[in-house]
Amino acid sequence: MSQATAVSQPTQRIVAVVGNPNCGKSALFNALTGLRQKVANYPGATVERRSGDLDDVASLTLIDLPGAYSLTPRSADEEVTRQVVTGTHDIEAQPDAILSVVDATNLAQHLRFVLELRDLGMPMVVALNMTDLAARERISIDVDALSAKLGVPVIETVAVRKKGLDSLKDVVAKAVLAPPPAPMDIGPTVRERQIAARKIASAVTISEGIGHKTTRQLDRVLLNPVIGPITLFGLLFLMFQAVFSWATPPQDLIEAGIGALQSGLANTLPDGLLLSFFNDGILAGVGAVVVFLPQILILFLFILVLESTGYMARAAFIMDRLMASVGLNGRAFIPLLSSFACAIPGIMAARAIANERDRLTTILIAPLMTCSARLPVYTVIISAFIPNRDVGGFGLQGLVMFALYIAGILAALVVAAVLKRTVAQGKADTFMLELPKYQSPNLRFVLIGLYERSRVFLRRAGTIILASTVILWLFAIYPVAPEGSTQPDIAYSFVGIIGNALEVIFAPIGFNWEISVALVPGMAAREVAVAALGTVYSLSGSEEMIEAGLVSVLNSAWSLPTALSFLAWFVFAPQCLSTIAVTRRETGGWKWPGFMVAYLFALAYGASFITYRLASYLLG
Amino acid sequence: MPPSHSNVPLGTCTPGFSGTITSFSPNADAETASIIDRLREMGFSEDLGVEVLHQNPFGKDPIAVKVGSMTLALRRAEANLIEVVPT
């Protein structure tokens, strides 16, 4: 089946873009395909299937495979690459040709992989990338000689400046029809390939380089025993500060826009079901979520820029020791940092961790990192219940938010340590990581990442969140209240019935029926809980209450212990079906997602119970 | 062939060390052999110059090593599989 599935037309040919990590492969892929690329699911680092038609040559589809050092896979990531190029992948067709990307400043090292790929017996083109950097480092390579030695076309490119792309496209278009290169007699071991690669590299290198000076100088500062960690933690602090302060103006704008829409509708439409559907259902629900787009984009902006400059690998290097103390690997730092934006790309980025046990532990604790979907929940509750006071120069609201982040991180560390001693026991993993050259952030890479991110988020708001909001609204309207009822209509609806049933379970942790019922659609995604609360209270409250907004509604409807218990719940509760689904996919079964959901709900219930009881006791 | 007298495992070196790779740990079981293959794939190879540039600020492990034109980070346990001679 592998030959047929991915080919849409008979003439459609597939070219796999393959190369070592840090060869500029993704930049080249971006430059060749532009915005017509399709990213399946979520973009993180290059752990996903990216494909796109080649500019001007629509009959050629490029697929960007995860960076790999060889075809002997050491991680789930590299396994994908091996399976695709050898034609053993479950759903991906074997490509018709390979575009092998090589860093011109590191020729001998990257040629070893080229030789291994060449042995697959497929048509092949080599893109000698980063030739601008090579020139700056005074490295000079005889391209014709290299092409002659390898027996395949070699094209010089500078992906970030779109140099050499036209000739590359022409050559690739011809190469897919050309016969594969004649086999070379090198031998099967890494050592033999290494020797052959170095021989070729030294034969075609006209002048050796002087090395990347800037990288050395920057590392002297950024990996300095004192300044290094300070810079890293400073950057993280700045990142979280920015998420809250920079996002405020655009958020206010979005909120004002939604408010204007609501009052506009209220003025034009007659009071009734249709108006309620738009205002209480769609706008109150979806609007409560869309407002967080700016925060999510700022978080991803930081992560993409750090990734693009090469700093992320340094962060992993600095964090390795600390993470090793709870049995994790420095490589887990990148997935876990991404999880602050969203656990899904984080869980997928864990593919780069070679050791299965380490990868599993990372996946299981990723949902404890406070993802951006929790921001709506935290923000609403904090603004409703925590006074905006100054405590020792810091805002109390900000401190509470910070404490919630810390609670998640501490819980993750404890859980990791426990898991490593119990279910995920095993030998310590190796930590080997290339620290790539520093580069100024690639604007294109960052913008495409942000564009993808907004698209995914808005699509989610327009589908899952919209659908659950509409269903909730329907269930909250029907069945209608009997004549002469004393309670608000919603109490007689399905939502009221379900909420009252669930309240039995949640009453011990201080949740009323409105909260209990909001948790149900909140399983789809955390932020839906806010949307659901918006809808439930919007339908059960008076007009004046709705005018005042969700914050003041909650303030009068909940006690402080209930609010704190609700916050504690959201630190732990696995209220995100997508996370559970991606965990199932990444761990290959229901065992680990089942375990994850169970332990997180247990933690959530326990933490909320303690919080509620303690707060009730302390507050009399 | 036993390593010559001046050979040291790379994992024992501190920042500032500069030398040449002479060999990889010879008495390797299957698992260690696979790690050595990985070290080669990452860019370590006989006769290449190495330089220990940095070590982890919190516990001196892992280390960052310049080999050829690249910088690689690895834990000392794995670095010990690489024999180097100072220059």
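Letters A, B, ... mirror the listed sequences (proteins, then strands); counts begin at 1. Below, each value reflects all heavy atoms present in this structure, side chains not excepted, and no hydrogens, waters or symmetry copies.
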May I ask you to name which of Asp320(A), Leu322(A), Leu223(A), Thr189(A) has the most heavy-atom pairs under 4.5 Å with chain B? Asp320(A)
Please tell me if the side chains of Glu46(B) and Arg191(A) come closer than 4.5 Å, counting only heavy atoms from C-beta onward. yes
Side chain, backbone, both or neither: which part of Asp103(A) has a non-hydrogen atom closer than 4.5 Å to chain B? neither
For a quick test of reading the model, state the closest non-hydrogen atom pair linking Arg216(A) to Leu53(B) and the distance between them. NH2-CD2, 3.4 Å
Separation between CG (Leu435(A)) and CG (Leu74(B)), nearest 0.5 Å, reads 10.0 Å
Using a 4.5 Å cut-off on heavy atoms from C-beta on, say whether the side chain of Leu48(B) contacts that of Arg198(A). yes
Could you report the tightest heavy-atom contact between Gln194(A) and Phe44(B), atom names first, then the distance? NE2-O, 2.7 Å
Answer yes or no: are there more than 12 heavy-atom neighbours, outside Phe237(A) itself, under 6.0 Å from its atom CZ? no
Would you find a donor on one side and an acceptor on the other, under 3.5 Å apart, between the side chain of Asn56(B) and the backbone of Phe317(A)? yes
Cut-off 4.5 Å, heavy atoms of chain A, and the answer for Lys60(B) is neither
All heavy atoms of Phe58(B) vs all of Pro229(A), minimum pair found to be CZ-CB, 3.8 Å
Quick one: which of Ser69(B), Ala73(B), Ala64(B), Pro57(B) has the most heavy-atom pairs under 4.5 Å with chain A, could you say? Ala73(B)
Of all heavy-atom pairs linking Arg75(B) and Gly330(A), the shortest is NH2-N, 4.4 Å
What residue, out of Ser45(B), Ala79(B), Gly43(B), Ala77(B), has the most heavy-atom pairs lying under 4.5 Å from chain A? Ser45(B)
Shortest non-hydrogen contact from Glu41(B) to Gln109(A)? O-NE2, 2.6 Å
Distance-minimising heavy-atom pair for Met432(A) and Arg38(B): SD-CG, 3.8 Å
Does one side chain, of Arg74(A) or Ser34(B), offer a donor that lies under 3.5 Å from an acceptor on the other? yes
